[in-house]
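Contents: one structure, followed by commentary.
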Amino acid sequence: TINITVYDNENSRDYILFNLTILNNNAPVWNSSVNTVLVYYEGNTTLLNFSMNVSDPNNDRLTFTFANNSAFPNFSLNSTNGIANLTFGDSDVGEHSINITVNDSYLTDVKTFNITIYNVHDPVYVERPIETGDLTNATVGGNNNINVTEDNVTTIALWVHDEDFV
């Protein structure tokens, strides 16, 4: 038992008693061979098992957390098993720095992973059918043929979709 007592100039005192337990615990450790530079492509489904890359000398139960240092909307991590089961989309394209912390309830270790997601070209398409309301001084015929009259100023509004520019 430890007793901490304090006195003031008037000789008034207060104290607190507490027990101090010293645990024999070692921090979890990331394996030195873990690959921290990862590259994937948009649309890939990827399973990352971070628990396979860390050990705890005391065999304590481990939990995992992460911090995004960039916008990475589809990254998530199961805190109890260290598994990230991911499908990367257009919004994930780019370079990301993720800090993953492993905790054994007493001590922690952090590793930074640099993850790059490359874009996969999505085909561009024009919305069909073209509506008469999208035209000025023109009409829409069969098979989306646009009919115009010579010497008229014609305006055609096309609705073009490209998922790469979401």
Side chains of residues 38-48: which donor-acceptor pairs under 3.5 Å do they make with residues two or more places apart or in other chains?
{"residue": "Glu42", "atom": "OE1", "partner": "Val120", "partner atom": "N", "Å": "3.0"}
{"residue": "Thr45", "atom": "OG1", "partner": "Thr87", "partner atom": "OG1", "Å": "3.1"}

All side-chain hydrogen bond (donor to acceptor under 3.5 Å, both in side chains) counterparts of Ser70, not counting sequence neighbours: His96
Ile156/Leu158 under side-chain contact (heavy atoms from CB on, under 4.5 Å): CA gap, chis, key distance, verdict: CA-CA 6 Å; Ile156 303 170; Leu158 297 177; 3.9 Å; yes
For Asn85, all residues meeting side-chain hydrogen bond (donor to acceptor under 3.5 Å, both in side chains), sequence neighbours excluded: none
Side-chain heavy atoms of Phe88 within contact of Phe72, under 4.5 Å: yes
Contacts table for residues 98-108: side-chain donor-acceptor under 3.5 angstrom, sequence neighbours left out:
{"residue": "Asn99", "atom": "OD1", "partner": "Thr112", "partner atom": "OG1", "Å": "2.6"}
{"residue": "Asn103", "atom": "OD1", "partner": "Ser105", "partner atom": "N", "Å": "2.4"}
{"residue": "Asp104", "atom": "OD1", "partner": "Tyr106", "partner atom": "N", "Å": "2.9"}
{"residue": "Asp104", "atom": "OD1", "partner": "Leu107", "partner atom": "N", "Å": "2.7"}
{"residue": "Asp104", "atom": "OD2", "partner": "Asn25", "partner atom": "ND2", "Å": "3.1"}

Distance-only donor-acceptor check, side chains Thr5 and Asn3, under 3.5 Å: yes
Nearest non-hydrogen partners of Pro28 and Leu62, listed with the distance: CB-CD2, 3.9 Å
Single-linkage hydrophobic cluster, 4.5 Å side-chain cutoff, Leu77 and Val110 together: no
Joint hydrophobic cluster, Met52 plus Phe50, side-chain heavy atoms closer than 4.5 Å: no
side-chain contact (heavy atoms from CB on, under 4.5 Å) assessment of Asp90 paired with Asn119: CA-CA 7 Å; Asp90 283 313; Asn119 185 56; 3.6 Å; yes
Under the side-chain hydrogen bond (donor to acceptor under 3.5 Å, both in side chains) test, residues paired with Thr155 that sit two or more places apart: none
Distance in Å, Thr36 OG1 paired with Ile115 CD1, rounded so as to fall on 0.5 Å steps: 10.0 Å
Path from Leu23 to Ile2 over hydrophobic side-chain contacts below 4.5 Å: no
With sequence neighbours excluded, residues passing side chain to side chain contact (heavy atoms under 4.5 Å, CB included) with Ser51: Asn49, Phe64
Selection residues 11-21 - residue pairs positive for side-chain hydrogen bond (donor to acceptor under 3.5 Å, both in side chains), sequence neighbours left out: Thr1-Asn19
Rounded distance [0.5 Å steps], CG in Asp56 versus CZ in Arg61: 11.5 Å
Qualifying residues under side chain to side chain contact (heavy atoms under 4.5 Å, CB included), relative to Val37, sequence neighbours excluded: Asn35
Pairing residues for Thr80 by the side-chain hydrogen bond (donor to acceptor under 3.5 Å, both in side chains) criterion, not counting sequence neighbours: Asn78
Non-hydrogen atoms of Gly89 and Asn74 that approach each other most closely: N-ND2, 3.7 Å
Any residue meeting side chain to side chain contact (heavy atoms under 4.5 Å, CB included) with Pro73, in chain and number order, not counting sequence neighbours: Ser91, Asp92
Closest non-hydrogen atom pair, Val140 against Asn147: C-ND2, 4.3 Å
Heavy atoms from other residues, nucleotides or ligands near CG of Leu20 exceed 12 (cutoff 6.0 Å): yes
ring-ring contact (aromatic ring centres under 6.0 Å, His included) partners for Trp30, two or more places apart: Phe113
Asn81 side chain to Ile83 backbone, donor-acceptor under 3.5 Å: yes
Validation row: Val124, Val160 side chains within 4.5 angstrom (heavy atoms): yes
